[in-house]
There are 4 protein chains.
Amino acid sequence: MSEVPFSNADSATLRSEETRKQIVDAAAHLLSVQGMAATRLIDVVEYTQMQPAVTYYHFASFGDLVEEVLYCGITEMRNHVEKRLDALPPDTPPVDRLMVAVETHLRRELELSDYGSAWIRNAGHIPGGMTRRLKKEEAAYGRIWRNLFNDAIAGGAIAPGLDVWMARRLMLGAMNSATEWWDPRRGSVDTLVATTQLLIRSCLPSSA
Amino acid sequence: MSEVPFSNADSATLRSEETRKQIVDAAAHLLSVQGMAATRLIDVVEYTQMQPAVTYYHFASFGDLVEEVLYCGITEMRNHVEKRLDALPPDTPPVDRLMVAVETHLRRELELSDYGSAWIRNAGHIPGGMTRRLKKEEAAYGRIWRNLFNDAIAGGAIAPGLDVWMARRLMLGAMNSATEWWDPRRGSVDTLVATTQLLIRSCLPSSA
Amino acid sequence: MSEVPFSNADSATLRSEETRKQIVDAAAHLLSVQGMAATRLIDVVEYTQMQPAVTYYHFASFGDLVEEVLYCGITEMRNHVEKRLDALPPDTPPVDRLMVAVETHLRRELELSDYGSAWIRNAGHIPGGMTRRLKKEEAAYGRIWRNLFNDAIAGGAIAPGLDVWMARRLMLGAMNSATEWWDPRRGSVDTLVATTQLLIRSCLPSSA
Amino acid sequence: MSEVPFSNADSATLRSEETRKQIVDAAAHLLSVQGMAATRLIDVVEYTQMQPAVTYYHFASFGDLVEEVLYCGITEMRNHVEKRLDALPPDTPPVDRLMVAVETHLRRELELSDYGSAWIRNAGHIPGGMTRRLKKEEAAYGRIWRNLFNDAIAGGAIAPGLDVWMARRLMLGAMNSATEWWDPRRGSVDTLVATTQLLIRSCLPSSA
DNA sequence: AATGAATGAGTTTTCATTCAT
DNA sequence: CATGAATGAAAACTCATTCAT
């Protein structure tokens, strides 16, 4: 007969999406906590209390599931940073914009999402190298930071001998390293954000 | 050098030691290049053109071999940094001592030893967690840096809101991140050393 | 044609029959081309752009589907050969009747039906052995050939040492082998029919 | 010390070869009896009372094991036929040579070797198509028969409408079909050989 | 001291089948 | 009737480890 109101015809699709999400979430969690070397398909399905075969309904292989997690990690991170930056008043000074990005990146990496830290911790450990879409997405995120830094140092005098590309990498490396050592018992994320912002600020020529 | 005549027992020992070294070297190389997730016992012995069984003459398990590599990595790193610092004139200013440590750490990590980068890249990815001697050695190395930083900032005014422990971690994280992104084609280690030193210097209160 | 108005029940039945036919046709095609070892349920439904579950509305199991294909293959073959023979004038000489059967068998096997070749190629490869109805149908078809050959050699002198049963099997084997090697680019079916007829004729005692 | 007399230094190698042979033999047996569709790796290892993993010491995959069986089948068959032909007196008439080949092929296919029948029964059912070496070997065997037939019909008058290539295929098809239907209870191999030889002889133009 | 061979306990993967809608 | 989703049982395959020599 006619469709029951409010009953979604796509309920099967929704169920499926939910199942898929559970799997990816579990994988993201384990990858962010244990890293790739210690995360097997079996760990993921045990964590979700499902059957191994479910995975293969949604992904062609375990490797594909991992790739999906990392892809979501970098994409999500980029989207959030972009959104926060776009929401700023147009006249926000470049350095302030950079500080906002630093805060967003750190909070996401540590507090808000297993995907972010899964990406950061495992990006350099992908067995067969990165897929094309991972490379592309990473490059896009990298461009955001390049622009942020370039704007922030524009007009300032770069110290002789300093390589701007390396400097940017070092600062991002500093932020990302927090996934390995940050411990809520040793200090809040707020403190970490403040500290990181202070350090990065002090490295900018405009600070002189 | 050449083999000692009339000393079969010793030559056997030497051969054995050499074999062992080849295995550990190979493991260090692969761990530093591919990371733990992609490095299996089979890869290591294939790299040395040996048989899996050789490993078990020298190590109780594959895990032990990996642990040995990481232990060598951290130990070697500490020894070199200590030696360089000890060789400095006693009246070297603290900041200069820190700069020397930075240079030593970076050169070892990137140029001189697979062990150093094997350690740095995989420290956070050990399946069962660190062994006691790894923890101990890491703590010892950490103390060196704590002292270096403390001496360097002594007397200076710490910015309010800055957490010194975190700041130190961030700076070490920056240095260690180079294993993931450093590419000789984008700049020499000399440049990297200079850039890192400049950045760290600019973060120190004494620079004000 | 167009759908019958006011006859939903029938159109549904028709649709259902059509679906069933699509599946069996696809299975027949794949079995005749690839053989049983390479044909899975998944291949069949993918070929029809359907879902695995459809199969289970029409068949109790994948094995039943395969059996159905083979059963259709042998039945169809027998029916066609019988029809052609029945259509011959009653006074057709036995050898000519045999030649007609040879032509009918070959054309069906190679040109007209995936079912025929599916049967021929896979009859000896059924995992659990033949079902009863397959055995029965095969025996019935075999009887036709036995009679054809018996009539054709009746009155002729059988060479000493020749086993008639084996000779018949060999000739049928020759014909059936064409499914494995016949290639339209190496010669037409017409040529194949002519060649086969010539060979079989030359084996008959009446040819002397 | 010195090597123990009569103790083979390659005993390990011999053992290995023996194990490998057991596996291939078992696979050949099952393939010849059940065909590819019904033969799984697990069946082979169960038959040999070994562990699945042994297979992977000797073969990269189950597919490779199957390929090896088929390759041995065709190679072995060719070698035996060639040897028998080479041992004939140089002045043996071509038709007699052909008869010897027929006998050798049939006996090997039915009595002497699982490899021969494994090849014949499964050649047309290889999932991914034939490997290069299989094709090559098959072509070489085919050339032997082409020459045998060509020599046997040389000088005779080929019936108009008869395709020699097809005729040869049909006769080989007849012989190979015996793997599917031959049953020792219905007649000895001797009888089969005699019958086949008679039929093929009667097809040759020289018989006229 | 070294190694070729083998193995067991796992892992990933497959696939016919079922279920809920 | 049809189907998207899920599943269990079993398959192929992996790999650190051991054994016999």
Side-chain angles (χ1 to χ4, degrees), chain A residues 4 7-20 40-45 50-63 65, chain B residues 8-9 11-20 40-45 50-65, chain C residues 8-9 11-13 15-20 40-45 50-65, chain D residues 3-4 7-20 40-45 50-63 65:
Chain A
V4 179
S7 152
N8 199 320
D10 287 47
S11 73
T13 305
L14 285 176
R15 267 261 186 83
S16 171
E17 278 306 309
E18 212 171 281
T19 304
R20 186 189 142 105
R40 295 152 308 171
L41 171 56
I42 227 183
D43 299 319
V44 176
V45 300
M50 293 178 181
Q51 303 288 328
V54 202
T55 314
Y56 291 88
Y57 183 76
H58 296 281
F59 298 94
S61 70
F62 177 53
L65 166 58
Chain B
N8 277 318
S11 83
T13 306
L14 285 174
R15 270 268 307 274
S16 170
E17 276 307 306
E18 210 170 282
T19 302
R20 184 190 144 104
R40 299 155 306 171
L41 174 55
I42 285 180
D43 300 317
V44 174
V45 297
M50 292 176 185
Q51 301 291 327
V54 206
T55 314
Y56 293 86
Y57 184 78
H58 299 285
F59 297 94
S61 73
F62 178 53
D64 282 12
L65 165 58
Chain C
N8 278 317
S11 83
T13 305
R15 268 271 306 274
S16 170
E17 275 308 305
E18 210 172 282
T19 303
R20 185 190 144 103
R40 299 156 305 170
L41 172 56
I42 285 181
D43 300 317
V44 175
V45 299
M50 292 177 183
Q51 300 291 325
V54 206
T55 314
Y56 292 88
Y57 184 77
H58 299 284
F59 298 95
S61 74
F62 177 53
D64 281 13
L65 166 58
Chain D
E3 290 187 6
V4 181
S7 153
N8 200 318
D10 288 45
S11 72
T13 306
L14 285 175
R15 267 261 188 80
S16 172
E17 279 307 308
E18 214 170 278
T19 304
R20 187 190 141 106
R40 296 153 305 171
L41 171 56
I42 227 182
D43 299 318
V44 175
V45 300
M50 292 176 183
Q51 303 288 327
V54 201
T55 314
Y56 293 90
Y57 183 75
H58 296 282
F59 299 94
S61 71
F62 178 52
L65 166 58

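Per chain, numbering begins at 1; letters A, B, ... match sequence-line order.
Applying the 4.0 Å criterion to OP1 and OP2 of E:dC15, one finds that C:R40 has a side-chain N or O inside that range. The side chain of D:S16 places no N or O atom within less than 4.0 Å of a non-bridging phosphate oxygen (OP1 or OP2) of E:dG4. Considering only side-chain N and O atoms, A:T19 lies under 4.0 angstrom from the phosphate OP1 or OP2 of F:dA6.
Secondary structure note: stems in DNA chain E built from 3 or more consecutive Watson-Crick or G-U wobble pairs under 3.5 Å occupy E:2-21 with F:2-21.
The minimum heavy-atom distance linking B:Y56 with B:S61 is given by the pair CE2-CA, 3.9 Å. The nearest pair of heavy atoms linking A:Q51 to A:V45 is O-CG1, 4.1 Å.
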Worked check of side-chain contact (heavy atoms from CB on, under 4.5 Å) between D:V44 and D:F62: CA-CA 10 Å; D:V44 175; D:F62 178 52; 4.3 Å; yes

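Of the residues near DNA chain F, D:L41 and B:L41, the one whose nearest nucleotide (by heavy atom distance) lies more toward the 5' end is D:L41. Positionally, the nearest nucleotide of DNA chain F for A:Q51 lies more toward the 5' end than for the other of D:P52 and A:Q51.
With sequence neighbours left out, D:R20 forms a side-chain contact (heavy atoms from CB on, under 4.5 Å) with D:E17, D:V24, D:H58, D:F59, D:E68. Listed by chain and number, the residues in a salt bridge (Lys or Arg N to Asp or Glu O under 4.0 Å) with A:D43 are A:R40 (sequence neighbours excluded).
One atom, CZ of C:R20, and another, C1' of F:dA2, lie 16 Å apart when rounded to the nearest Å. Straight-line distance from the CE atom of D:M50 to the P atom of E:dA5: 14 Å, rounded to whole Å. With rounding to whole Å, A:R15 atom CZ is found 8 Å from E:dA20 atom C1'. Atom CD1 in B:I42 sits roughly 5 Å away from atom C1' in F:dC15 (whole-Å rounding).
Within residues 55-63 of chain A, the residues that have a heavy atom under 4.0 Å from DNA chain E are, in order of number, A:Y56, A:S61, A:F62.
Distance CG/B:D64 to OG1/B:T55: 11.5 Å, rounded to 0.5 Å.
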